[in-house]
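Remarks on the structure that follows.
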Amino acid sequence: MQLIPVHTDTPYDVHVGTFLLERVGQTVRETCPGATRTTIVTDTNVGPLYAEVVRTSLTQAGLEPHTFTFEAGEKRKRAATLVDCLEFLAESELSRGDAVVALGGGVVGDLAGFAAASYLRGIAYVQVPTSLLAMVDSSVGGKTAIDLEAGKNLAGAFWQPRAVLADVGCLATLESAQFADGCGEVIKHGVIADPELFAVLEGTPLTLDLLMANVPAVETIVARNVAIKRDVVDADEHEHGMRKLLNFGHSIGHAIELCEHFQRGHGECVAAGMVAITRAVEAEGGCEPGLAERIDAVCRAHGLSTACTWDADELFEAALHDKKRAGDAIDLVIPHAVGDCVIERTPLPRFHELIRAGVSAGKDR
Ligand code: GLY
C-alpha cells in the first residue's frame, strides 16, 4: 500500500493499494473521530458490487451505515439527485460529526462530495474511488460539483475529503472502454509533469491486461498519478494559477464532449484535445518536433481514438461555453515538451486559430 499525503488547508492521505474497501470503517473512525453514523453514497453500477463490503467494514468499526443509491450516469449528476441525497442524509439523521462515504466513479465522488459540503453547512466525507479516472484525478483535490443545463460542473464547492482510499482491485470490474477512458488523464499527467511516467506508458500501456498480470505495477502508476495531482493541488488548492495545468487538452476536449452530446468519454475527448492543441503548437514550431505524434501514439496504444470530425468553427462555438473562459480570453495549456507545459492567457480569436490549425493538421495526417 502506498500513502500519499495531501497538504491542503485540511490535510489528508490518499491510500493506494488492494483490499482497502475492508478498511473504510477503520479509516472513517480514524479521520472523522466524531462520527457515529455514515451514509454510503453510490450508484446502481457500483453499489451492487461493493456496498456490502463497505457496509460490513463500517458496522465492524461501530459506525451505523446507511446507503443512498442513485441511477448510474452523468445524466444523474444534477440538482434533483443532490436534493434527494441531502433529504436522505437528513432522514438518516446524520449530524455535524457524522460522515459520508463516496463509493464510485467521478460522478458519485463529485455529487457525494457536494452533498457533504452543503449538508449542515459541511460534514466530513471519505472518497472511495472505484474507476481509474476517479482514482487518478477526481477523488483528489476537493473539487465537488453537479452539472447544470448550461454545462458540466457549473455548481459546486472546494471541499477536501478526510481521506481517499483507492483500491486498485476495483479496477478489475471496469469495462475496457471505461478503463481506457481513465487513461486519458494518466497520459495528461505524464505530459504536464512526468517524462518518466510518459516513457513507461509508451513502453507498456496501462491496460486491464496489465492489471491482471501485474497489480503492483498498476498500483505504482496510480500512486504516481496521485502524487502528480497532489503536487499541483498542494501548490494551488483553489485553482488561481498552477492547477490550471491540469486542464491540458480540456479546452478543445470539452468542446468535443459538448459537440458529441457527452456520448463520448471524457478521457477520450481530452486525448483528442491534447493531440489537437499540440498539433497546432507544433505547426508553429512552438514545441519539440514530433510531440503531437508521440502523444497521439500513446493515446491510441491505450485504446483512445484521437479523431475529431468536428470543424474548427463548431468546436470554437462550443468552447465559448467553457466555464474557464475569462471574458474575451481563455487560459490554455501549451505543451513545449513532455514535462514542460505552460499556461497562456489566449485571446479568443487566437484560440480559434489554434483550433483551426490543430484540426486541419489532424485531417492532413
Ligand atoms: N480535474 C482537474 C482538477 O481537479 O483541478
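Order of appearance sets the numbers: ligands from 1, and atoms from 1 within every ligand. Numbering starts at 1 and runs along the sequence shown.
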Return all side-chain donor-acceptor pairs below 3.5 angstrom for residues 93-103, not counting sequence neighbours, or 'none' if the list is empty.
{"unit_1": "S95", "atom_1": "OG", "unit_2": "D98", "atom_2": "OD2", "d": "3.2"}
{"unit_1": "R96", "atom_1": "NE", "unit_2": "L120", "atom_2": "O", "d": "3.1"}
{"unit_1": "R96", "atom_1": "NH2", "unit_2": "L120", "atom_2": "O", "d": "3.3"}
{"unit_1": "D98", "atom_1": "OD1", "unit_2": "T36", "atom_2": "N", "d": "2.8"}
{"unit_1": "D98", "atom_1": "OD1", "unit_2": "T36", "atom_2": "OG1", "d": "3.4"}
{"unit_1": "D98", "atom_1": "OD1", "unit_2": "R37", "atom_2": "N", "d": "3.0"}
{"unit_1": "D98", "atom_1": "OD2", "unit_2": "S95", "atom_2": "N", "d": "2.8"}

Between side-chain atoms of residues 151-167 and protein atoms elsewhere (two or more places apart, or another chain), which donor-acceptor pairs fall under 3.5 Å?
{"unit_1": "K152", "atom_1": "NZ", "unit_2": "E257", "atom_2": "OE2", "d": "3.0"}
{"unit_1": "N153", "atom_1": "OD1", "unit_2": "K77", "atom_2": "NZ", "d": "2.6"}
{"unit_1": "W159", "atom_1": "NE1", "unit_2": "I123", "atom_2": "O", "d": "3.0"}
{"unit_1": "Q160", "atom_1": "OE1", "unit_2": "Y12", "atom_2": "OH", "d": "2.7"}
{"unit_1": "Q160", "atom_1": "OE1", "unit_2": "G142", "atom_2": "N", "d": "3.2"}
{"unit_1": "Q160", "atom_1": "NE2", "unit_2": "G141", "atom_2": "O", "d": "2.9"}
{"unit_1": "Q160", "atom_1": "NE2", "unit_2": "E237", "atom_2": "OE2", "d": "3.2"}
{"unit_1": "R162", "atom_1": "NH1", "unit_2": "T31", "atom_2": "O", "d": "3.0"}
{"unit_1": "D167", "atom_1": "OD1", "unit_2": "G169", "atom_2": "N", "d": "2.9"}
{"unit_1": "D167", "atom_1": "OD2", "unit_2": "F19", "atom_2": "N", "d": "3.3"}
{"unit_1": "D167", "atom_1": "OD2", "unit_2": "L20", "atom_2": "N", "d": "2.8"}
{"unit_1": "D167", "atom_1": "OD2", "unit_2": "L21", "atom_2": "N", "d": "3.2"}

Check ligand 1 for N or O atoms under 3.5 Å from a protein N or O and list each pair with its distance.
{"unit_1": "ligand 1", "atom_1": "1 (N)", "unit_2": "D137", "atom_2": "OD1", "d": "3.0"}
{"unit_1": "ligand 1", "atom_1": "1 (N)", "unit_2": "D137", "atom_2": "OD2", "d": "3.3"}
{"unit_1": "ligand 1", "atom_1": "4 (O)", "unit_2": "K229", "atom_2": "NZ", "d": "2.5"}
{"unit_1": "ligand 1", "atom_1": "4 (O)", "unit_2": "R243", "atom_2": "NH2", "d": "2.8"}
{"unit_1": "ligand 1", "atom_1": "5 (O)", "unit_2": "K143", "atom_2": "NZ", "d": "2.9"}
{"unit_1": "ligand 1", "atom_1": "5 (O)", "unit_2": "R243", "atom_2": "NE", "d": "2.7"}
{"unit_1": "ligand 1", "atom_1": "5 (O)", "unit_2": "R243", "atom_2": "NH2", "d": "3.4"}

Quiz item: Using 30° and 60° as the class limits, which term best fits the ring planes of H240 and H238: parallel, tilted or perpendicular?
Solution: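 Plane angle between 30° and 60°, so tilted.
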Quiz item: F316 vs H352 aromatic rings, parallel, tilted or perpendicular, using cut-offs 30° and 60°?
Solution: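 Parallel, since the angle between the ring planes stays under 30°.
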Quiz item: For F248, what residues pass the ring pair (Phe, Tyr, Trp, His ring centres under 6.0 Å) criterion, not counting sequence neighbours?
Solution: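 Ring pair (Phe, Tyr, Trp, His ring centres under 6.0 Å) check on F248 returns nothing, list empty.
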Quiz item: Just by distance, with hydrogens left out, do S305 and R300 show a side-chain donor and acceptor under 3.5 Å apart?
Solution: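 Side-chain D/A pair, S305 to R300: absent.
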